[in-house]
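By convention in this document, chain letters (A, B, ...) are assigned in the order of the sequence lines, proteins followed by strands, and residues within each chain are numbered from 1.
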Amino acid sequence: MNSTVPPLRVQNCNRAPIHDDGDYVLYWMIAARRTRWNFGLERAADWARALGKPLLVLEALRCDYPWASDRLHRFVLQGMAANADHLERTRATYYPYIERRQNGGKGLLESLARRAAVVVTDDFPCFFLPRMVAAAAERLKVRLESVDSNGLLPLRATDRVFLRAVDFRRFLQKTLPQHFDEMPRKNPLARATIPLLEQLPADVVRRWPPADLESLSDTCSLAELPIDHSVSPVSYAGGSIAADEALHRFLDRRLGRYTEGRRDVTERATSELSPYLHFGHISSHQIFSAVAEREQWNPGQVFHKATAARSGWWGMSEPAESFLDELLTWRELGYNMSWQRDDYDRYESLPAWAQKSLEEHQADSREYVYTLEEFEAAATYDELWNAAQRELVRDGRIHSYLRMLWGKKILEWSETPRDALAVMIELNNKYAVDGRNPNSYSGIFWCLGRYDRAWGPERPIFGKIRFMSSDSTRRKLDAKAYIAEFSAGRQQEIAF
DNA sequence: ATCGGCTCGCGCAA
DNA sequence: TGCGCGAAGCCGAT
């Protein structure tokens with residue numbers, strides 16, 4: 001089949017055949033929840049064109065995955081509304097499905113796949129998604145392909161795992177230029193001369209009615225679903241349209257002072273794109289292209305040699321280079337880890353020196369030890385830490401510097417490093433909109449030594465793990481303003 | 001305000 | 001085989 005998607009990004013998940021007599025090509029959208037800059041959708045559209053079949057897009061939202069809540073559901077549903085809106089103006093057909101009770105969606109994919117010529121899905125290396133795709137691959141009697149839309153570097157461009165950002169950065173500087181001209185199409189469905197699907201299979205629609213996204217956009221409807229209602233929606237909206245707005249807000253008003261401005265507590269010069277990247281509402285290719293365009297950059301400007309230096313290689317402005325180091329080096333480093341190692345979320349994946357040092361200090365006495373419930377309730381003696389925890393609970397994110405302190409203190413105040421890890425994973429996955437992502441795990445494990453080096457002097461509890469203290473943090477940023485913003489009494493501002 | 005020491009291990013030049 | 005250096009640190013000396 002003639003496809004514009006780079007072969008390195010496409011995996012054949014089973015040995016089942018293409019069905020030439022199928023009614024449509026099915027794109028099972030599970031991670032790249034967007035209609036633009038999406039290699040998976042592009043691949044599915046290529047199949048539809050080649051086979052002369054209609055294209056059906058299934059986007060489902062289960063209710064029984066770990067940490068399912070009003071917060072995560074609302075964000076995904078807003079994304080589905082944006083996708084419905086866009087697909088209505090194309091020749092593809094959209095099938096949004098919201099599971100209303102446990103296992104309610106069981107059999108839907110299989111039923112749709114039974115009539116499909118070929119099924120295409122997203123390759124995402126984290127959470128329950130790899131297991132879900134592997135299980136589907138075994139069951140389906142039709143070819144299932146998964147497509148890697150995760151980053152600028154295809155996951156399979158290397159079979160190594162990188163233990164330090166600097167090594168991965170050097171590798172990227174050597175390798176990325178080969179992939180600069182392999183961008184996904186901005187609108188893979190434009191000019192698609194594929195037949196329209198006359199109608200959805202009636203028996204499938206009867207058993208699994210497509211979601212009425214209008215009615216699900218209010219909180220009342222969320223209340224009917226068997227999900228965690230104690231984690232409330234955040235004040236910013238999900239979906240590709242909101243993501244585009246965030247991108248332009250960042251480029252227009254924040255990128256210029258990104259390098260120094262990120263720590264500013266009141267006027268954070270951060271991108272705020274992470275939740276959208278996590279749910280695939282925006283593509284890192286799109287973000288990269290937008291930055292490059294602002295910088296009037298072309299690939300000829302990169303330095304001729306891989307220096308591994310954090311700045312100066314791209315030939316862009318200093319703030320743009322800082323941002324690209326986050327977007328590309330750090331983000332894709334985490335994806336590489338999750339893809340390479342099944343134990344990316346386990347304590348044993350920490351570097352040997354870190355495990356050894358933490359173990360040597362396991363028996364050290366702890367002045368304060370809190371339970372998960374105390375951490376969750378922001379009930380420690382330290383008001384700066386409590387404010388960070390309240391930001392997480394309220395807004396589904398934590399200030400970029402304070403989130404490191406947040407993790408370091410959980411290590412200090414837990415019975416064992418393993419307990420600390422469990423608390424960090426639980427709270428982050430439950431409350432952070434961008435949790436359950438390779439980069440969540442990078443951040444959490446960094447607090448325990450991953451991607452870091454040993455530091456002296458050796459201290460109680462931490463051993464040689466980099467130590468951070470609330471007192472020095474107070475000297476570095478406007479802790480007063482931060483604590484005031486996330487004080488216990490302050491009401492959540494609803495901005496929509 | 002700035003600097004070195006604390007400490008580990010990788011990639012690279014030699 | 002040795003050298004340089006690294007996501008954001010801390011502390012004490014100057």
Please check the phosphate of B:dG9 (OP1 and OP2 only) for any side-chain N or O of A:K356 closer than 4.0 Å.
no

Candidates C:dA8, B:dG11, C:dA7 - which lies nearest the side chain of A:R466
C:dA8

Can the positive tip of A:R62 be found less than 6.0 Å from the middle of the six-membered ring of A:F128, inside 45° of the ring normal?
yes

Distance, rounded to the nearest Å, where A:E412 contributes CD and C:dG9 contributes P:
16 Å

Integer-rounded Å distance: B:dT7 P and A:Q355 CD:
21 Å

Between B:dC12 and C:dA7, how far apart are the C1' atoms? Round to whole Å, please.
22 Å

Below the 4.0 Å mark, does C:dG9 have OP1 or OP2 next to a side-chain nitrogen or oxygen of A:K476?
yes

What nucleotide, of C:dC10, C:dA7, B:dC8, holds the atom closest to the side chain of A:K464?
B:dC8

C1' gap between B:dG11 and C:dA8, integer Å
23 Å

Could you state the atom-to-atom distance from CH2 of A:W455 to P of C:dA7 in whole Å?
10 Å

Without decimals, in angstroms, what is the distance between A:K408 NZ and C:dG9 P?
11 Å

Looking at A:D345, A:L411, A:I444, which one forms a side-chain contact (heavy atoms from CB on, under 4.5 Å) with A:L421?
A:I444

At under 4.0 Å between heavy atoms, what does A:R160 touch on the DNA or RNA strands: base, sugar-phosphate, or nothing?
sugar-phosphate

C:dC10 phosphate, OP1 or OP2, under 4.0 Å from A:S472 side-chain N/O
yes

A:R453 CZ to B:dG11 P, straight-line distance once rounded to whole Å:
17 Å

Against the side chain of A:R164, the closest entry in C:dG6, C:dA8, C:dC11 is C:dG6

So, is A:R170 close to the B:dC12 phosphate, meaning a side-chain N or O under 4.0 Å from OP1 or OP2?
yes

Answer with base, sugar-phosphate or nothing: what part of the nucleic acid does A:S469 contact at a heavy-atom distance below 4.0 Å?
sugar-phosphate

Less than 6.0 angstrom from the centroid, inside 45 degrees of the normal: does A:K305 satisfy that with respect to the ring of A:W313?
no

Which nucleotide, if any, forms a Watson-Crick or G-U wobble pair with B:dC6, using both distances under 3.5 Å?
C:dG9

Would you indicate which nucleotide in B:dC6, C:dA8, B:dC8 comes nearest to any side-chain atom of A:R263?
C:dA8

When rounded to whole Å, the OH to P distance for the pair A:Y451 and C:dG6 reads 18 Å

Using a strict cut-off of less than 4.0 Å between a Lys/Arg side-chain nitrogen and an Asp/Glu carboxylate oxygen, indicate whether A:R268 and A:E485 qualify as a salt bridge.
no

With a 4.5 Å heavy-atom cut-off, do A:R249 and A:E272 have their side chains touching?
yes

CD (A:E374) with more than 12 external heavy atoms under 6.0 Å:
yes

A:K305 or A:E458: which one's nearest nucleotide on DNA chain B is closer to the 5' end?
A:E458

Using a cut-off of strictly less than 4.0 Å, decide whether A:Y401 has a side-chain nitrogen or oxygen near OP1 or OP2 of C:dA7.
no

Rounded to whole Å, please give me the gap between CD in A:E321 and C1' in C:dA7.
16 Å

Base, sugar-phosphate or nothing for A:M468? Non-hydrogen atoms, less than 4.0 Å.
sugar-phosphate

Let me know the distance between CZ of A:F168 and P of B:dG9, rounded to the nearest Å.
22 Å

